[in-house]
Amino acid sequence: MSDNRQWSREAIRIIEADFQRSADTHLIPLPLPGFAGIELYFKDESSHPTGSLKHRLARSLFLYALCNGWLKPGAPVIEASSGSTAISEAYFARMLGLPFIAVMPATTSKEKIAQIAFYGGQCHLVDDPTRIYAESERLAREHDGHFIDQFTYAERATDWRANNNIAESIFQQMRFEQHPEPSWLISSPGTGGTTATLGRYVRYRQHGTRVLCADAERSVFFDYYRTGDATLRLDHGSRIEGIGRPRVEASFLPKVIDAMVKVPDALSLAAMHYLAQRLGRHVGGSSGTNLIGALMAAQHMAQAGEKGSMVAILCDSGERYATTYYDQDWLKAQGYELSGLIDAVAATVERGEPLPASVLRANI
Ligand SMILES: *Cc1c(COP(=O)(O)O)cnc(C)c1O
């Protein structure tokens, strides 16, 4: 066996051993008093060892790269990221003894940068968020490393048929609930990889479940979904970390999505604060976006007289945003005024009142 094949074999053993030491993530019910007969659950991806749903993606991307023969001992791994993926990849790179460089927008939260450094990764910050891809390619060339490229490979690195992917895990955990087959799964797009896995899985397993994708304000995905125009571009990054992209990413697959909504950032953050109150702990901004997506689906079900369940993704914890989304001074400096919107979210959850009309929708 070649030296590199031998090294890859040991690297894969190390990653599989880490998986064996890990437990599944929890499914947490969130009662909706305003919607009788409709149950909402959050799939808590913050409980992974590296704190977000990107733990699954990083594991898949490393296994994919290893099995493709793309990694070699000593050669750096480089990634373009808004932070969460880089944290999880830094963890796996360190486990394999590989140098890791994260290319990120300069606006990435300090907490995330500190965590990447904690796992031995190096951060390369760029002022223009649309430059992260080109910078990653340049660094990979210059250091004879590998650009792991989540925005291209997220959808194909994950085993969508099963292998305890996020979809299979949800359906297993729902088995003894009142409505075991969810009417809706709700996820928000960064790479689009999670949505792709959910959408493909429910089709493959012939479930009636629909997939709702909840986009951020500063993002092209929603317009791409409606128009099919893959050339859409924005010149700024998203304010909801982890989701929303300034360009259409290859790993975002619109055809496996049944409905889409686009949530104003202030409403996502209001929903995040409301969810944090209800759960008794802080969650990230994209979990707020998903709560709004779930409430849109609940309104749709209630209008149609449907009963059933929904599962939304709780993507990461709020610890990463202590000095931003959970800091009143920061919110004020950014021009956010959330208290009225938090009351509006509470009125929807608790009394079934309509959400603010500012949420855009397609196919729902
Ligand atoms: C990446 C990410 C998402 C979106 O997941 P994808 O599978 O990349 O679409 C949502 N929230 C957070 C915090 C993320 O880091």
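Order of appearance sets the numbers: ligands from 1, and atoms from 1 within every ligand.
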I'd like to check whether [X] has a polar contact with ligand 1, where a contact means an N/O of the residue lying under 3.5 Å from an N/O of the ligand.
X	result
S84	yes
C315	no
T191	yes
E241	no

So does D18 pair up with R21, basic N to acidic O under 4.0 Å? yes
In short, ring pair (Phe, Tyr, Trp, His ring centres under 6.0 Å) pairs touching residues 278-307 with sequence neighbours left out are H282-Y326
Counting only heavy atoms from other residues, nucleotides and ligands, does the tally under 6.0 Å from CZ of R205 exceed 12? yes
May I ask whether [X] has any heavy atom positioned less than 4.0 angstrom from an atom of ligand 1?
X	result
G192	yes
G284	no
I243	yes
S52	no

Which residues pass the side-chain hydrogen bond (donor to acceptor under 3.5 Å, both in side chains) test with E155, sequence neighbours left out? R200
Find all atoms of ligand 1 within a distance of less than 4.0 Å from any non-hydrogen atom belonging to D316, and give their numbers and elements. 13 (C)
Relative to the heavy atoms of P189, which atoms of ligand 1 are at a distance of less than 4.0 Å? 9 (O)
Can the ring centroids of Y119 and F100 be said to lie less than 6.0 angstrom from one another? no
With L40, the side-chain contact (heavy atoms from CB on, under 4.5 Å) member among I28, V311, L295, L291: L291
Hey, can you tell me if Y153 and Y64 have their rings parallel, tilted or perpendicular (30° and 60° cut-offs)? tilted
What part of L53, side chain, backbone, both or neither, has a heavy atom within less than 4.0 angstrom of ligand 1? side chain
Where does K54 meet ligand 1, judged by heavy-atom distances below 4.0 Å: at the side chain, the backbone, both, or neither? side chain
Donor-acceptor pair, distance only, cut-off 3.5 Å: does the side chain of [X] make one with the backbone of [Y]?
X	Y	answer
Q173	T25	yes
N290	A312	no
D258	L212	no

Protein contact to [atom] [nearest heavy atom, distance to 0.1 Å]:
atom	value
atom 11 (N) of ligand 1	S286 OG, 2.7 Å
atom 4 (C) of ligand 1	S188 O, 3.2 Å
atom 7 (O) of ligand 1	T194 OG1, 2.5 Å

